[in-house]
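Below: the structure, in structure tokens.
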Amino acid sequence: MAVRSFYEFLVEDGLRERNPVRRGQAGRRGRRPRRGLVRRIKQAPWIPTEADWRRSLEAARAEPLRNRLMVSLAYDGALRREELVQLSGDDFDPAYSLIRLRAETTKSKRSREVAYGEATGQLFMAYLAERRSSVGRVGGPLLRSTSNRNPGGPLGASSWSKIVERLSSTSGVSAFPRSRSGNYG
């Protein structure tokens with residue numbers, strides 16, 4: 001990409017007649033896409049070190065029960081932000097430690113099942129008891145807001161982003177990946 005940009009600069013300044021590094025072309029009207037001369041480089045995902053994980057988990061330990069459950073569910077099930085906040089109590093099968101992700105909540109629009117660990121199961125049961133005492137027995141989304149503005153209402157995707165940013169700040173692990181779609185980890 002840098003080579004192509006360099007030659008584009010030379011063409012713009014009139015130092016070269018044409019750019020020898022061709023661009024890739026999308027396949028349109030049934031034609032196959034053409035790959036460019038220089039491949040696009042994809043950066044490997046960031047993987048935290050052992051020390052980063054320890055600091056992150058230590059910061060999560062100080063969070064409220066709901067947030068600790070969210071961290072645990074996101075980690076165990078490799079859940080995206082939207083999948084996490086749209087979980088319902090009916091999506092859980094505690095007997096088999098499974099979460100059924102509904103097709104309408106996944107990026108691929110395909111349902112799937114993911115397992116969760118014993119520690120997550122304990123957090124889940126404790127959260128259900130806490131939620132029942134504060135909100136009562138309600139259906140719908142599992143994760144509920146505790147804010148004064150929207151008490152007991154469904155938790156929004158931006159709330160998870162704020163929790164992750166707070167954990168990043170508190171733990172000192174500033175490399176948590178952030179993307180336009182709001183996916184973390």
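Values below: every heavy atom of this structure, side chains too, minus hydrogens, waters and symmetry copies. In this text, all values refer to a predicted model and were calculated from it rather than measured experimentally.
Taking 4.0 Å as the cut-off between side-chain N and carboxylate O, Glu104 and Arg102 count as a salt-bridged pair. Salt-bridge formation is not detected for the pair Glu165/Lys162: no Lys NZ or Arg NE/NH1/NH2 atom is positioned less than 4.0 Å from an Asp or Glu carboxylate oxygen. A salt bridge links Arg54 with Glu50: at least one charged nitrogen is closer than 4.0 Å to a carboxylate oxygen.
Proximity of Ile163 to Arg66: side-chain heavy atoms (C-beta onward) are separated by under 4.5 Å at one or more points. Taking 4.5 Å as the limit, some side-chain heavy atom of Leu142 sits within range of a side-chain heavy atom of Leu128. Counting heavy atoms from C-beta on, the side chains of Leu84 and Met70 come closer than 4.5 Å.
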query = Between Arg112 and Thr106, does a side-chain hydrogen bond (donor to acceptor under 3.5 Å, both in side chains) hold up when you go through it step by step?
reply = CA-CA 9 Å; Arg112 69 181 197 276; Thr106 65; 5.1 Å; no

task = For the pair Met125 and Leu69, evaluate side-chain contact (heavy atoms from CB on, under 4.5 Å) and give the outcome as yes or no after the intermediate values.
result = CA-CA 10 Å; Met125 297 310 283; Leu69 173 63; over 6 Å; no

inquiry  = Let's go through Leu101 and Val114 carefully: what are the C-alpha distance in whole Å and the side-chain angles of both, what is the deciding distance for side-chain contact (heavy atoms from CB on, under 4.5 Å) to 0.1 Å, and is it a yes or a no?
reply    = CA-CA 8 Å; Leu101 297 169; Val114 294; 4.3 Å; yes

message = Quick one, Val71 with Trp160, criterion side-chain contact (heavy atoms from CB on, under 4.5 Å). Give me CA distance, side-chain angles, the key distance, then yes/no.
response = CA-CA 9 Å; Val71 168; Trp160 174 238; 3.9 Å; yes

request  = Evaluate the criterion side-chain contact (heavy atoms from CB on, under 4.5 Å) for residue pair Leu87 and Leu79; output intermediate values, then yes/no.
outcome  = CA-CA 10 Å; Leu87 285 173; Leu79 303 180; 4.0 Å; yes

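Judged purely by atom type and a 3.5 angstrom limit, Asp91 uses its side chain to pair as donor or acceptor with the backbone of Ser88. Distance alone, capped at 3.5 Å, is enough to place a donor-acceptor pair between the Arg68 side chain and the Glu63 backbone. The closest donor-acceptor contact from the side chain of Gln86 to the backbone of Glu83 lies at 3.5 Å or more, if one exists at all. With hydrogens and angles ignored, the 3.5 Å screen pairs a side-chain donor or acceptor of Asp76 with a backbone N or O of Gly117. Between the side chain of Thr120 and the backbone N or O of Tyr116 there is no donor-acceptor pair closer than 3.5 Å. Here the side chain of Arg144 pairs no donor or acceptor atom with the backbone of Arg131 at under 3.5 angstrom. Within the 3.5 Å criterion, the main-chain N or O of Val11 finds no donor-acceptor partner in the side chain of Arg16. At least one donor-acceptor pair closer than 3.5 Å links the side chain of Ser133 to the backbone N or O of Glu130.
In the model, Thr49 has a side-chain atom that pairs as donor or acceptor with a side-chain atom of Asp52 under 3.5 Å. A donor atom on one side chain and an acceptor atom on the other are not found under 3.5 Å apart for Arg100 and Ser111.
The number of heavy atoms from other shown groups lying within 6.0 Å of CG (Leu15) is above 12.
The two residues Ala157 and Arg81 have their closest heavy-atom pair at O-CD, 3.2 Å.
When the options Phe124, Phe92, Tyr127 are evaluated for a side-chain contact (heavy atoms from CB on, under 4.5 Å) with Leu73, the one that passes is Phe92.
The distance from the CG atom of Leu123 to the CD atom of Glu118 is 11.0 Å, given to the nearest 0.5 Å. If you take CG on Asp93 and CD1 on Ile99, they are separated by 10.5 Å, rounding to the nearest 0.5 Å. Atom CD of residue Glu12 and atom OG of residue Ser5 lie 10.0 Å apart, to the nearest 0.5 angstrom. One distance of note links OG of Ser56 with CZ of Arg61; it measures 12.5 Å at 0.5 Å rounding.
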